[in-house]
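Here is the structure we will look at.
For ligands, and for the atoms within them, numbers begin at 1 and follow the listed sequence. These values consider heavy atoms only, across backbone and side chains, with no hydrogens, waters or symmetry-generated copies.
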Amino acid sequence: MFKTKAAVLYEAKKPLQIETLNQEEPRHGEVRVRTSVAGICASDHHYMIGDNKMPMPVVLGHEGSGYVDSVGPGVQNFKPRDRVITAFISGCANCSYCLSGFVNLCTTSTALNTKQYDGTLRLKKNGNSIHQMQKLGLFSEYLICPQQSLYLLPDEVPMDVAALIGCCVTTGVGAVLNQQASKPGIDIVVFGLGGVGLSAIMGAKILNCNNIIAVDIKDHKLEFAMKFGATHTINSSKSDPIKEIMSITGNGVDMAFDTFGRGSVTNQAIEATKRKGTTVIVGLAPIGDTVNADMIGLCRDQKTLIGSFYGSISPHESFKQIIKHYLKGEIDIRALVERTYKLDQINEAFNDLENGLDGRGIIIYPN
Ligand SMILES: [Zn+2]
Ligand SMILES: [Zn+2]
């Protein structure tokens, strides 16, 4: 049986365990990928601390890049040694969302969750099945995924940059670029400066926004955001962000993005927008969290509140768009990478995320 070393989550609030797992061969339409780089994302962390639920035991990791190792029957578009980005929503090609181009909203993918499209799992330990987050599970040296999860990577894009395009860059840049209200010259505010928030700022730079205001509770994160195109920063633990935003813009921003994902932050984002302004929820809130918005304000000021998931459109379209901007030198995705780890250091990597260090941490595999 094929073996792979992986970090396994058995229970929330317990450390990940590094173990050797058995991996079945790729079935029809599936590909075995040798992982090259995996990003450390807050969405993985939500499951680790019990803020969100996932079948367990599970190999987490949904942001990454790698090399095609082998392909199952019926795979025509990929061959061994191809360089790929993994998309954490792959698309079934049959549901109404996939058929209308919104692969990011595929209902079959959501229903099957950690299982492959034939409804089964590929990893085992002592005869027990182990789940793969989003049909991926990049905290493993090798993974098996549907071929439609993969995006063929141009040679000029390095593996670390490619990995981040797999989740945070697409989520943040896409949330800004792919809305009806998005146009050059608007004022925007981004709440939360993790990988997604910094990527939203990159998106605002691509869009050529006027004021790009970054809000966080840590000064070092605010300073870091200036590298990516923020024109103003506000520490919301030291001053009232709404007052500050009004003094910068006069009457509020055109668009506000909550990349942190908390009802209280979304509420501030709504307050920060001007009449006809749009607030976009980009970060995943803990289960059960709600927005307590001023309804008269929403109505009289004709404000819009929307959600954006995984860049708002098909991930493959987002990847193509972002790679184009990256290759033109318009965005510095690599500047997001602040820390690198080996797979054995994964618990340390998540401690650093929890402690709010700048930028993104990544796991680099020895290949
Ligand atoms: Zn993520
Ligand atoms: Zn679908």
**Request:** Check step by step if salt bridge (charged side-chain N to carboxylate O under 4.0 Å, His left out) holds for Asp118 and Arg27.
**Result:** CA-CA 9 Å; Asp118 70 353; Arg27 295 189 189 174; 2.9 Å; yes
**Request:** Could you walk me through whether Gln148 and Val103 pass the side-chain contact (heavy atoms from CB on, under 4.5 Å) test, one step at a time?
**Result:** CA-CA 10 Å; Gln148 61 271 33; Val103 173; over 6 Å; no
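Our summary of the site lists the angle at the Zn ion (ligand 2) between SG of Cys95 and SG of Cys92 as 110°, to the nearest 10 degrees. Of the angles at the Zn ion (ligand 1), the one spanning SG of Cys41 and SG of Cys167 is 130° when given to 10°.
Taking the ring centroids of Phe191 and Phe257, they lie at or beyond the 6.0 Å cut-off.
Between Tyr310 and Phe88, the ring planes are parallel. Angles under 30° get that label, and only those over 60° would be called perpendicular.
Taking the Zn ion (ligand 1) as reference, the nearest N/O/S atom within His62 carries the name NE2.
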